[in-house]
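Each remark here refers to the structure printed beneath this line.
This one's a predicted model, so the numbers in the text were calculated from it and none came from an experiment.
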Amino acid sequence: MASNGVEEPLLSGMVDPSVQTKKKNSLKRRRYRHCKSAPLAKFVPPETKGIGQIPRTESIRGKLHPSFKQVAIFLAVYLGVGAVTFLLVRNQIEGKKTVGFLDAVYFCIVTMTTVGYGDLVPDSTLTKLLACAFVFTGMALIGLILSKAADYLVEKQETLLVKALHMSHNVGTTEILKEVETNKVRYKCLTVFILLLVLVIIGTIFLATVEKLDLVDAFYCVCATITTLGYGDKSFSTEVGRAFAVIWILTSTITLAQFFLYIAELNTERRQRALANWVRTRKMTSVDLEAADIDDDGVVDASDFIIYKLKEMGKISQDDISLLLEEFEDLDVDQSGTLSVSDIMLAQS
């Protein structure tokens, strides 16, 4: 059988010509090297002069992230319906009130984020039922849409953060994008932590200057708000304060939730890397060699070794391998054990 212009015997495993073995191994190594480097192609940007503006990667443009237009529409619908609804029943809501429409939007945000200060509370059967409906729909909106939008924003800032961290080094766009992809979760965590710190400082200063709280009470109110603890003894009571709170509460609570999510992802990633390092550095035994011999031919080639190590690292499972083998068998129309252009054409037709 011919492969890349190199003639191979039909039963190459039963003969041992050194020259042919070297050629075969060389071809295998070239194939595996190509497979290893191929996925990185999507991170290679077009030719640019210097670093300049860093283009968005394919993962950022992917379907996992909703568009800002979609997020804005859902949020506008939720706040619009909520504001009009609670404005109509404002006389059935008790508490510290300012402007009718602003209080309605503020009540929506406090309900949506589950902060629940208690400065505005439902005082009738109708408003209590409406609050129950809006708290569930608001939590779903945050969980399914707004958190994804926040994740999208963080990914956009990752390259800027890496660029700032490597400002003293002469690195190009490709190196920056590779660095982002390699330490994606770590940079996400750092970016969100910086944003959260800024929001805490802004909120504390605002409460101290506008709401006239002392510094400790202002910081206490900020912590009670972003953690959705919402004791209610300290809250936004002025018209300007509630206008600020509409944006700040929504942003800060989602940012804290994203931070804890990235912390969990970072811990999981560290455990996976520790397992991968242990698998790579431990010595192979005869038992491992027997387990890695997938096709039971008495020898372990590169593909057998790679599959065995990936399974040991937890990267793939036997079910994954079985599904891929089924797909391979469906594509291998002539049952030769290899795929060719004619196989693909016949299988697709």
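For Asp319 and Ser322, the side-chain atoms include no donor-acceptor pair closer than 3.5 Å. Between the side chains of Tyr117 and Thr225, at least one donor-acceptor pair of N or O atoms lies under 3.5 Å. Under the 3.5 Å distance criterion, with hydrogens and angles disregarded, a donor-acceptor pair is assigned to the side chains of Ser124 and Thr127.
In this structure the side chain of Leu195 never reaches within 4.5 angstrom of the side chain of Thr191, judged on heavy atoms. Between Pro122 and Phe86 the shortest side-chain heavy-atom distance does not fall below 4.5 Å. Contact of the Met112 side chain with the Leu141 side chain is registered, since non-hydrogen atoms from C-beta on lie closer than 4.5 Å. Looking at heavy atoms from C-beta onward, Leu79 lies in side-chain contact with Leu75 at the 4.5 angstrom threshold. Within the 4.5 Å cutoff, no side-chain heavy atoms of Leu256 are placed close to those of Leu199. Here the side chains of Lys128 and Gln92 are not in contact, with every heavy-atom distance at 4.5 Å or above. You'll find the side chain of Val210 stays beyond 4.5 Å of the side chain of Phe244, heavy atoms only. The shortest side-chain heavy-atom distance between Thr238 and Thr98 does not fall under the 4.5 Å cut-off.
Annotation: the span from Asp334 atom CG to Leu346 atom CG amounts to 8.0 Å, rounded to 0.5 Å. To the nearest 0.5 angstrom, Tyr231 atom OH is 11.5 Å from Cys223 atom SG. For the atom pair Thr255 OG1 and Phe193 CZ, the distance stands at 13.0 Å (nearest 0.5 Å).
If you run side-chain contact (heavy atoms from CB on, under 4.5 Å) between Ser340 and each of Thr338, Asp343, Ile344, only Asp343 comes through.
Side-chain N or O atoms of Arg90 include one that pairs as donor or acceptor with a backbone N or O of Leu87 at under 3.5 Å. One N or O on the side chain of Asp320 and one on the backbone of Ser317 form a donor-acceptor pair closer than 3.5 Å. Remark: side-chain polar atoms of Tyr78 are paired, donor with acceptor, to backbone N or O of Phe134 under 3.5 angstrom. Listed for the Glu211 side chain is a donor-acceptor partner under 3.5 Å among the backbone atoms of Ser237. Remark: the backbone N or O of Phe206 is paired with a side-chain donor or acceptor of Thr209 at under 3.5 angstrom.
Arg282 has a carboxylate O that lies under 4.0 Å from a charged side-chain N of Glu312, or vice versa, which qualifies the two as a salt bridge.
A single hydrophobic cluster is seen to contain both Val192 and Ile263, as judged by linkage of ILVMFWY side chains at heavy-atom distances under 4.5 Å, directly or through other members. Note on Phe136: it does not cluster hydrophobically with Val115, by side-chain heavy-atom contacts below 4.5 Å among ILVMFWY residues.
Heavy atoms only, all atoms of each residue included: Ala218 and Ala208 are closest at CB-N, 4.0 Å. Minimum heavy-atom separation, Leu213 to Cys221: CD1-CB, 4.5 Å. Closest of all the heavy-atom pairs between Gly241 and Phe236 is O-CD2, 3.4 Å.
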Let's go through Met345 and Val333 carefully: what are the C-alpha distance in whole Å and the side-chain angles of both, what is the deciding distance for side-chain contact (heavy atoms from CB on, under 4.5 Å) to 0.1 Å, and is it a yes or a no? CA-CA 10 Å; Met345 294 178 65; Val333 178; over 6 Å; no
Please test Trp248 against Val222 for side-chain contact (heavy atoms from CB on, under 4.5 Å), starting from the C-alpha separation and ending with a verdict. CA-CA 10 Å; Trp248 182 83; Val222 164; 3.9 Å; yes
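Annotation: side-chain contact (heavy atoms from CB on, under 4.5 Å) contacts of Leu197 (sequence neighbours excluded): Ile201.
Annotation for Met139: atom CE does not count as buried by contact number, only 12 or fewer foreign heavy atoms lying within 6.0 Å. A 6.0 Å sphere centred on CZ of Phe219 holds no more than 12 heavy atoms belonging to other residues, nucleotides or ligands. More than 12 heavy atoms of other residues, nucleotides or ligands lie within 6.0 Å of CZ in Phe328, so this atom counts as buried by the packing criterion. Counting non-hydrogen atoms of other residues, nucleotides and ligands closer than 6.0 Å to CG of Leu325 gives a total above 12.
Residue pairs meeting the salt bridge (Lys or Arg N to Asp or Glu O under 4.0 Å) criterion with at least one partner in residues 214-243, sequence neighbours excluded, are Asp103-Arg242, Asp119-Arg242, Asp217-Lys234.
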